[in-house]
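One structure below.
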There are 2 protein chains.
Amino acid sequence: MKKTILVFGLLILAILLLFQFSKYTLNTGDIRTEFVVSIIALTFFLIGIYINKKSLHKKASNLPEIDESKIKELELTKREYEVLQYVSKGLSNKEIGEKLFLSESTIKTHVSNLLIKLNAKRRTQAIQIAKSLKII
Amino acid sequence: MKKTILVFGLLILAILLLFQFSKYTLNTGDIRTEFVVSIIALTFFLIGIYINKKSLHKKASNLPEIDESKIKELELTKREYEVLQYVSKGLSNKEIGEKLFLSESTIKTHVSNLLIKLNAKRRTQAIQIAKSLKII
DNA sequence: ACTATTTTGGTACTTTAGTATGAACCCAGG
DNA sequence: CCTGGGTTCATACTAAAGTACCAAAATAGT
């Protein structure tokens, strides 16, 4: 936010200076018209590229975003979602249990509930569904 | 390719016309300097945005691209890669067999070889690895 | 404090996944 | 022609995943 204001402030300042510069040089006539026009053109060309790059950069990073609302919609609990994340990383029930300091039985319970809520038959299908719902 | 040439051709033409326009109006003095400078600035500003959008659009669509070279590098055969794709969609060995009109045994063989080549212990891990390698 | 949900974990069972091994077939390249 | 890689399939086995059912803690909401 602060950065944006600073950038635009400098931009406006640059534009005003350019106006004055063009006015002065064109009136005195000591520099060729083409040269002045070229500088103006180049400056705004670069400004256009810069502005556009900033705005598109945000869109690009927005693409792999998780949809929190869908998680609540599916009524996934914290633990279930946590387990889902490990499942999607390719861990076995045993390995997940070790990571979370839980027994394999507990993980099985969570995965089972997970599959029902995601309407999946297998954990691989759960991964696919979760990804299409943008919750992982 | 043809489009690019056309666009740049028109661009150069526009620039030349603008040069002539600015020269003429500034010399005759019937239009104010600020106005001419503004038109030039705006034009190149828009050109900058346009060029940038085109080039960034390609990059954005390039992101979800499959890396054919990695598939050969891993020495995955056609069938194995085909099976891998179905695995990543969440199908069971039986279901994949039905899709490809093969027995479950055959799919098991392919999956086993797949896991070795991808250095994975489970099919879920294979999915994760394949995605990180951008081959699915 | 009481209740509903979550979290945890167990047993017993079925199903699916994965390994090991062997074998037959096809097909392109030397 | 024959050899190697790819494909297909089978059997027999082990391991992992998943289901069903139950039950005791822990936690959070009213």
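Residue numbering restarts at 1 for every chain, and letters A, B, ... go by the order of the sequence lines.
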I'd like to know if the side chain of A:Tyr81 and the backbone of A:Ile135 have a donor-acceptor N/O pair within less than 3.5 Å.
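Between the backbone of A:Ile135 and the side chain of A:Tyr81 there is a qualifying donor-acceptor contact (under 3.5 Å).
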Interatomic distance, [X] [atom1] vs [N] [atom2] [rounded to whole Å]:
| X | N | atom1 | atom2 | result |
| --- | --- | --- | --- | --- |
| B:Lys78 | C:dC27 | NZ | C1' | 11 Å |
| A:Leu100 | C:dT6 | CG | P | 18 Å |
| A:Lys117 | D:dG18 | NZ | P | 16 Å |
| A:Glu75 | C:dT7 | CD | C1' | 17 Å |
| A:Tyr86 | D:dA17 | OH | P | 16 Å |
| B:Ile107 | D:dT8 | CD1 | C1' | 10 Å |
| B:Glu80 | D:dG6 | CD | P | 8 Å |
| B:His110 | D:dG6 | NE2 | P | 11 Å |

Options [options], nucleotide nearest the side-chain atoms of [X]:
| X | options | result |
| --- | --- | --- |
| A:Arg79 | D:dA16, C:dA17, C:dT8 | C:dT8 |
| B:Arg122 | D:dT7, D:dA16, C:dT8 | D:dA16 |
| B:Thr106 | C:dG18, D:dC9, C:dG9 | D:dC9 |
| B:Ser105 | D:dA10, C:dG10, C:dT7 | D:dA10 |
| A:Leu102 | D:dA17, D:dT8, C:dG9 | C:dG9 |

Side-chain ion pair, B:Lys70 and B:Glu73, N-O less than 4.0 Å
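Salt bridge flag = no for B:Glu73 with B:Lys70.
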Got B:Leu100 and B:Val83 here, is their nearest side-chain heavy-atom distance under 4.5 Å?
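B:Leu100 reaches B:Val83 side chain to side chain.
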Minimum side-chain heavy-atom gap A:Lys121-B:Glu95 below 4.5 Å:
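Yes; the side chains approach each other to less than 4.5 Å.
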Checking side-chain polar atoms at under 3.5 Å, does A:Thr109 have a donor or acceptor matched by the opposite partner on A:Ser112?
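Result is no, nothing qualifies.
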Identify the residue among B:Lys117, B:His110, B:Gln85 that makes a side-chain hydrogen bond (donor to acceptor under 3.5 Å, both in side chains) with B:Glu80.
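One option only clears the test, and that one is B:Lys117.
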Using a cutoff of under 3.5 Å, can you pull out all pairs of nitrogen or oxygen atoms linking the protein to nucleotides 19-26 of chain D, with atom names and distances?
residue : atom : partner  : partner atom : Å
D:dT19  : OP2  : A:Ser112 : OG           : 3.0

Does a side-chain N or O from B:Asn93 land closer than 4.0 Å to OP1 or OP2 of C:dA17, or not?
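So the side chain of B:Asn93 is within the cut-off, an N or O lying under 4.0 Å from OP1 or OP2 of C:dA17.
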Ignoring hydrogens, what is the shortest heavy-atom contact between A:Leu91 and B:Arg122? Give both atom names and the distance.
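For A:Leu91 versus B:Arg122, the nearest heavy atoms are C-NE, 3.9 Å.
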If you look at every strand shown and take non-hydrogen atoms under 4.0 Å, does A:Ser103 touch a base, only sugar-phosphate, or nothing?
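A:Ser103: backbone/sugar contact only, no base atoms under 4.0 Å.
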